[in-house]
Asks: 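Attaching a single structure in structure tokens format; questions to follow.
First the proteins, then the strands, lettered A, B, ... as listed; each starts at 1. These numbers come from a predicted model, not from an experiment.
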Protein chains: 2
Amino acid sequence: MNDDKLKKDDVYIKNGKIFKIGKIKDLKVDKVIDGQNYITMPGFINTHTHVGMSFFRNYGDDNDLMTWLNNYIFPAEEKLNGELVYYASLLSFAEMIKTGTTTFADMYFFEEETIKALDKAKLRAQIARGLSSPDENDYRIKECIELYEKYNGKDGKIEIALGPHAVYTTDKDYLKKIAGIAAKYKMPIHIHLSETKFENDECMKKYGQSPTEVFDTCGIFENRTIAAHGVHLSDGDLDILRSKNVSILHNPSSNLKLSSGICDVSRLMDKRINVALGTDSASSNNKQSMLKEIEVAALISKLKSADNLKAFDVLKMATINGAKALGLGDKVGTVEEGKCADLIMINIDNINHIPNNDLIASICYSTYENDISYVFIDGELVYENGEYTYLVIEDIKENVKRLSENLL
Amino acid sequence: MNDDKLKKDDVYIKNGKIFKIGKIKDLKVDKVIDGQNYITMPGFINTHTHVGMSFFRNYGDDNDLMTWLNNYIFPAEEKLNGELVYYASLLSFAEMIKTGTTTFADMYFFEEETIKALDKAKLRAQIARGLSSPDENDYRIKECIELYEKYNGKDGKIEIALGPHAVYTTDKDYLKKIAGIAAKYKMPIHIHLSETKFENDECMKKYGQSPTEVFDTCGIFENRTIAAHGVHLSDGDLDILRSKNVSILHNPSSNLKLSSGICDVSRLMDKRINVALGTDSASSNNKQSMLKEIEVAALISKLKSADNLKAFDVLKMATINGAKALGLGDKVGTVEEGKCADLIMINIDNINHIPNNDLIASICYSTYENDISYVFIDGELVYENGEYTYLVIEDIKENVKRLSENLL
């Protein structure tokens, strides 16, 4: 039972923050939501996705990572443009909000369009321009710095990061250059790390080092770094990641779907590495729901033992661990006075939660996405019982359909 | 792409059957549903569950099968009575219907109450009285025969089966007796088979035989048999199961959650064994959603290879393979003229399916439970956009809450 992790109380929101947890007598408020039948909890933090890829949902399914990338995704990405990424981002945002995500970390290109789309979606985000070499005249890096100068800190919700894609799409000189720029601007870094055994084997052939060692050698980890996947890591890799405070972003569905394997999360946690959760893109998942990732992460951890990752462990991965990974540990990720009011309310009076034997377990194992009834970001109610405050779904759908004709 | 598996056409329902797929000119009909934005497909067939267990949802989570059974479930079951099972069944039915299940196979006790609850839920069902020994004066077997005589064939929707629970809860004489009764009445059999390695090891110690060999030796497989789990089967077991036409019921979430392992479905299919899909009970899953099982089954199959179980393979497991397992292959499980109109309609215009790149993949990987908008059983519309035709949800919830107080 997990009753000690829950509290029955009122939550007051003021100026975007959690102002008070408890009772305030005779206070005049603008709006009251009866939370009787709900769990109020921190919004989910999706630490690894590519929101601009949602046009490729269910495209090239049932292939492994390299086949999927080389035969489907890379050729398709050649056809992308700003307008496509703008609407792909909005499509992802709509799905993320209704499934309870309030913060996400993204790595892709045409990120300025994603940032524009955020004006309508209000999500909190770390945005990394994907970087790969050869990078002619460093145009990708320059684009990233421009994004930083233009948008870093926007609305108190956007942070710009550098996104050196992976060891197999960069080289050491390029990585060193990126590490230097990150240090200069104090920009965080978002990478893919040891997603497949193939990636590791090729890296070892090329450099005589593991991907973790390559990134470390190049100085990447001297900056706050989040590393997606971490499916194939040696003990030596773990020591490096721990000593450099790198957070690993676990993407269980995508890793399964692309046949990459399973990240052994408890092994990493035993080494005191911070592990957060992500969906990866709509084209390798094929959803943008953290609830699904929570459930899949808990289930597959039990291949090791039934008491491996417990419900509450995984909920922390999806919230506070994600916040820590993104340097937001003091801002979001828990329901605490003074933190930003990034909150979701889950209806636990729906039949799938009845009887309420253990609510923490129920959130992990028994929640359907439409149990999420209210979503707040920075104190703003952005979603209420199926309706979006700002997003115009019919408009998004219409434009996605128009743009996807003849795309693939 | 899976376009060849889909057809754009009208479906006419008459007297509970699919009367015509195509166009009929100038026909007067009682009701028209515009299927433009929907996939119309066979309702899901949940071949293994215990609907009477839903009071134990999220009770004793994060334990392995034997700990969970011995320390939580078996003691709790001592407190069950007919009224509890009646409302537990209705609770499960409500969840099953809204998540697209139209037929299920159950094994439990107080099954007469489950059958009464079916009067309100209208689901198609195979109902097995769970049997274990010692069985004083064969009262469990007698109860099962009474159920058979009273309810077999009821409404053309109910079949009564014998449910010898497992090798570890029965003995050989008892199994032989059950096999004889099954043959006499032509009753099918529903068992648990090789769910854990522990079950196999203990069986080998006791009998010098695998569970499959024990059931076979006792004549169980001379009758139409469905066997849940099949996680730990030898090649010899597979030969027996194939030759006796035993269907294996894959329950991926429950097997993961209880740390039992993974049934290697494609290995079984290579041997031409019929593999269907089930949720297991709300207390080991902890949902009753076949959509979740479809997704988890597809994902974990890819631990072997990315092209292992494809979306369509798993959808067949959840529909026609289930129908075959229950002897209903000519009645349900596909959308065909002459078959019973057990149909569901999935809204593929919702944002999580857009753009519609591959609809078969989208059903498997991108469907949320509330995309299921219409559910028909025997031609009757039992669920429409969140509303049940017959079930009274508030009444079910109220009674479940009342009865669950002080139960656990």
Asks: Pick out which of A:K98, A:E95, A:K292 makes a side chain to side chain donor-acceptor pair (under 3.5 Å) with B:Y368.
Replies: A:E95
Asks: Does any backbone or side-chain atom of B:E295 lie under 4.5 Å from a heavy atom of chain A? Answer side chain, backbone, both or neither.
Replies: side chain
Asks: Sort B:S260 into side chain, backbone, both or neither according to what part of it lies under 4.5 angstrom from a heavy atom of chain A.
Replies: neither
Asks: Heavy atoms only, distances under 4.5 angstrom: which of A:I300, A:L65, A:D349 has the most pairs with chain B? Name it, please.
Replies: A:D349
Asks: Do other residues, nucleotides or ligands put more than 12 heavy atoms under 6.0 Å from the NZ atom of B:K401?
Replies: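 Yes.
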Asks: What part of A:T99 gets closer than 4.5 Å to chain B, counting heavy atoms only: side chain, backbone, both or neither?
Replies: side chain
Asks: Please state whether the side chain, the backbone, both or neither of B:E369 comes within less than 4.5 Å of a heavy atom of chain A.
Replies: side chain
Asks: Please classify the contact between A:N63 and chain B as side chain, backbone, both or neither, with a heavy-atom cut-off of under 4.5 Å.
Replies: backbone
Asks: Check for a donor-acceptor pair, side chain of A:N357 on one end and backbone N or O of B:R57 on the other, with a separation under 3.5 Å.
Replies: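 Such a contact is found between A:N357 side chain and B:R57 backbone.
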Asks: Given heavy-atom pairs under 4.5 angstrom as the criterion, report whether the side chain, backbone, both or neither of A:N308 touches chain B.
Replies: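 For A:N308, no heavy atom lies under 4.5 Å from chain B.
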Asks: Less than 4.5 Å to any heavy atom of chain A: does that hold for the side chain of B:S253, its backbone, both, or neither?
Replies: both
Asks: Begin from the C-alpha positions of B:K287 and A:N352 and carry the test side-chain contact (heavy atoms from CB on, under 4.5 Å) through to its verdict.
Replies: CA-CA 7 Å; B:K287 290 177 179 167; A:N352 41 299; 5.7 Å; no
Asks: With side chains defined as the heavy atoms from C-beta onward, is the minimum distance between B:I396 and A:I351 less than 4.5 Å?
Replies: no
Asks: Is any NZ, NE, NH1 or NH2 atom of the basic residue among A:D64 and B:K302 found under 4.0 Å from an Asp or Glu carboxylate oxygen of the other?
Replies: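 Judged by the 4.0 Å cut-off on N to carboxylate O distance, A:D64 and B:K302 do not form a salt bridge.
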Asks: To the nearest 0.5 angstrom, please state how far the OG atom of B:S404 sits from the CD1 atom of A:I354.
Replies: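 Here the rounded value is 8.0 Å.
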Asks: Of all heavy-atom pairs between B:D358 and A:N58, which one has the smallest distance, and what is that distance?
Replies: CB-O, 3.3 Å
Asks: Anything in residues 385-395 of chain B with a heavy-atom distance to chain A below 4.5 Å? Please list those residues in order.
Replies: B:Y388, B:I393
Asks: Heavy atoms only, distances under 4.5 angstrom: which of A:V400, A:L303, A:L91 has the most pairs with chain B? Name it, please.
Replies: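 So the answer, after comparing A:V400, A:L303, A:L91, is A:L91.
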Asks: Only counting residues at least two apart or in another chain, list the ones meeting ring pair (Phe, Tyr, Trp, His ring centres under 6.0 Å) with B:F93.
Replies: B:F104
Asks: Looking at chain A, which one of B:A298, B:G60, B:S289 has the largest number of heavy-atom pairs inside 4.5 Å, strictly under?
Replies: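 If we count pairs closer than 4.5 Å to chain A, B:S289 comes out on top.
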Asks: Where on B:N255 is there a heavy atom nearer than 4.5 Å to chain A: the side chain, the backbone, both, or neither?
Replies: neither
Asks: B:S362, B:A88, B:A94, B:C364: which one forms the most heavy-atom pairs within less than 4.5 Å of chain A?
Replies: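 Option with the greatest count: B:S362.
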Asks: Does any backbone or side-chain atom of B:T367 lie under 4.5 Å from a heavy atom of chain A? Answer side chain, backbone, both or neither.
Replies: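 The answer is the backbone of B:T367.
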Asks: What part of B:L309 gets closer than 4.5 Å to chain A, counting heavy atoms only: side chain, backbone, both or neither?
Replies: backbone
Asks: With rounding to the nearest 0.5 Å, note down the distance linking CG in B:D61 to CG in A:D307.
Replies: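 Answer for the CG-CG pair, B:D61 versus A:D307, is 12.5 Å.
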Asks: Among B:N286, B:N285, B:D62, find the residue that satisfies the side chain to side chain donor-acceptor pair (under 3.5 Å) test when tested with A:Y365.
Replies: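 By the side chain to side chain donor-acceptor pair (under 3.5 Å) criterion, A:Y365 pairs with just one of B:N286, B:N285, B:D62: B:D62.
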Asks: Under 6.0 Å from the NZ atom of B:K304, do we count more than 12 heavy atoms belonging to anything else shown?
Replies: yes
